[in-house]
Amino acid sequence: MRAVRIAVAAFALAALSTLAPVGAMADPLLAYGARIAGDDARTRIVIDMDRAPTFSVHYLDNPVRVVIDLPATAFGFPARDLKPVGLFKDIRYGTMDEDSARIVLTATKPVKLVMAKVQADESGKGQRLVLDAEMLPTAQFADLVKQQSWTNDDTARDVGPVVPLDKPDPSAFLVAVDAGHGGIDAGATGSDGVTQEKEITLAFARLFADKLNAQPGIKAFLTRDKDEYLSLSQRVTVARQNHASLFISLHADTLKQKDIRGATVYTISDKASDKLAGEVADRENNSDQLAGADTQAQPAAVADILMDLTRRETQAFSISLAQDVLTSFNGQIATINNPHRHAGFRVLQAPDVPSILLELGFLSNKEDEKLLLDPAWREKLADRLTQAVKQYRTSIVANGG
Ligand SMILES: [Zn+2]
């Protein structure tokens with residue numbers, strides 16, 4: 001119904017514009033500045049204009065393209081300011097005819113603009129066209145291409161978030177279970193050179209997700225369910241797109257000190273709690289370089305107090321989850337000394353999803369490796385973690401969260 005109404009409204013607009021007297025064309029818009037930033041999961045483009053444009057957004061496949069149609073526009077910024085990065089591998093813009101201009105963004109993978117809007121700049125004199133793109137599952141992109149209407153005027157329309165992969169029960173508590181590493185990034189290797197971290201984490205992630213899904217009111221999903229490479233930002237984006245209430249990243253790394261063993265729970269912080277935590281975070285963050293993923297920083301954050309508050313609140317929840325995990329381990333799952341540590345893990349950066357990274361054990365330790373490969377121990381660990389998630393959820397509900 002909604003789509004029909006939009007189409008009718010757009011038709012009415014189109015009819016009006018054809019009635020405009022010939023020769024009444026205003027000067028073209030001036031696009032005098034542009035910026036692009038982001039990575040292979042999310043990319044933002046900002047175009048500075050002398051006044052607010054109307055615009056519409058469309059999608060084309062083979063190759064994946066986002067097309068932004070504008071009224072007549074003079075593009076006055078240097079091409080290097082809109083050099084393709086992140087999700088985009090080619091960017092073109094120019095005049096279509098005397099009344100219209102077009103920007104064509106060719107993407108490296110299926111994408112959707114989750115935000116496309118015009119807003120006043122800080123001076124209040126100029127306007128900005130802000131386009132936020134996020135990666136999208138292939139099937140959803142195909143639907144997007146099929147369902148779009150070419151008569152839309154998107155200027156005043158919220159283009160909306162990416163649709164969850166699975167329409168969740170709105171009351172369900174959603175847990176993103178992230179199997180560390182994958183694909184060309186094998187992670188750590190056991191002492192025999194055979195056991196691979198990426199296999200340990202995926203096998204355990206599946207078991208853990210099954211246990212969570214057996215709980216009433218809890219629904220778990222995997223960020224990857226096969227041996228594939230995902231950048232750290234993609235893992236975070238998958239969790240956020242699916243409205244995860246929690247993000248749990250699973251690992252089994254190696255340390256130089258082979259006698260160290262036991263589980264560790266990490267939360268994010270700017271400064272590492274200790275040398276070991278800093279080293280582990282450096283190695284995990286290295287996953288992106290290893291696979292050649294674009295690790296350019298996120299779009300420069302405008303000072304955003306609300307986002308800061310969200311971050312702080314999320315941080316408190318993450319710490320509370322870490323404590324619930326350690327409580328559930330008590331006397332059952334061995335941990336290292338000071339088992340709650342923190343460091344700058346890039347995979348824990350979602351500002352609005354409480355996140356922990358769990359080292360199940362260390363592949364550099366023979367005893368730990370044996371446990372990591374032991375089905376009975378994995379069962380016990382998955383049961384304990386499920387208990388921790390249940391406890392966390394109960395305390396959130398009790399606190400009205
Ligand atoms: Zn790892």
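In what follows, residues are counted from 1 in the order of the sequence shown. Each ligand, and each atom within it, is numbered from 1 in the order the structure gives.
Under a 3.5 Å cut-off, the side chain of R341 and the backbone N or O of N338 do form a donor-acceptor pair.
For the pair NE2 of H181 and OE2 of E197, the angle at the Zn ion (ligand 1) is about 100°; rounding is to 10 degrees.
R102 pairs in a side-chain hydrogen bond (donor to acceptor under 3.5 Å, both in side chains) with only one of the listed residues (D69, T73, T95), which is D69.
The N, O or S atom of E284 with the smallest distance to the Zn ion (ligand 1) is OE2. When you scan the N, O or S atoms of D253 for the one nearest the Zn ion (ligand 1), you land on OD2. Among the heteroatoms counted here (N, O or S) of H251, ND1 is the one nearest to the Zn ion (ligand 1).
Relative ring orientation between F141 and Y59 is described as perpendicular, the plane-to-plane angle rising above 60° on a 0-90° scale split at 30° and 60°.
At least one side-chain heavy atom of R393 sits less than 4.5 Å from a side-chain heavy atom of I218.
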